[in-house]
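These numbers were taken from a predicted model, which means no experiment stands behind them. All ligand and atom numbering here is 1-based and tracks the order in the structure.
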Amino acid sequence: MKLAIYPGSFDPVTNGHIEIISRASKLFDKLIVLVSVNMFKPASFTIEERKELLEETVAHEGFTNVEVDSFDGLLIDYFNRRKADVIVRGLRAITDFEYEFQMAQTNRRLCYKAETIFLASKTEYTYLSSSMVKQIATFGGDISDFVPEYILDRIVKRLKK
Ligand code: PNS
């Protein structure tokens, strides 16, 4: 059984993340979407809130082989504990590459078995990021094109100033 982990801040989950979850879940027997801590990015949603939004997304989209979990530690420790095979990350643009390459190399240095596979984002999501969604929602803009309707209200209420 091939087990993949898709880690990220998911602060909050966007349509771009959902597209990657959908495609990755078809490539592996099981996919764990892991809410992780990025020390370099201040989060707006708590880990628990981010996990809840993802759980609702997974249930709503009917992803039957996808589990949502969170981990407040090193990704590679979680990877080893779950005996995973692959780390999945989405690549939106060339600007993502250096950061992603560094993470992949570091994780592989920490554990030689940790392969990272990149899925190229769908063109319509290459511009989309959680940070942009947060900025737009905070100032009362319309984010309905960027997050699914079933969690839209919750995100808007939580972020509106
Ligand atoms: O969505 P993001 O913020 O780009 O995801 C980055 C994330 C959370 C996957 C990365 O910061 C991470 O793996 N954090 C867990 C701690 C860790 O293992 N850091 C070393 C990564 S090389």
Judged by non-hydrogen atoms, does Gln102 sit under 4.0 Å from ligand 1?
-> no

Is any side-chain N of the basic residue among Asp11 and Arg50 closer than 4.0 Å to the acidic one's carboxylate O?
-> yes

Tell me, which protein residue and heavy-atom name are nearest atom 3 (O) of ligand 1, and how many Å apart are they?
-> Ser9 OG, 2.4 Å

Distance from atom 21 (C) of ligand 1 to nearest protein heavy atom, with residue and atom = Asn107 OD1, 4.1 Å

Which heavy atom of the protein is the closest neighbour of atom 14 (N) of ligand 1, given with residue, atom name and distance?
-> Val37 O, 2.9 Å

Checking heavy-atom distances from atom 5 (O) of ligand 1 to each of Arg109, Arg89, Met103, the winner is Arg89

Among Val133, Ile143, Ile20, side chain to side chain contact (heavy atoms under 4.5 Å, CB included) partner for Thr14 | Val133

Does ligand 1 have a heavy atom under 4.0 Å from the side chain of Phe71, from its backbone, from both, or from neither?
-> neither

Output all residues satisfying side-chain contact (heavy atoms from CB on, under 4.5 Å) with Ala114, sequence neighbours left out; order by chain, then residue number.
-> Ile76, Phe79, Ile87, Cys111

Closer than 4.0 angstrom: is that true for some heavy atom of Ser130 and an atom of ligand 1?
-> no

Below 4.0 Å from any atom of ligand 1, is there a heavy atom belonging to Phe10?
-> no

Check each of Thr116, Leu74, Leu75 against atom 20 (C) of ligand 1 and report the one with the nearest heavy atom.
-> Leu74

Check ion pair Arg82-Asp69 (N to O, under 4.0 angstrom) | yes

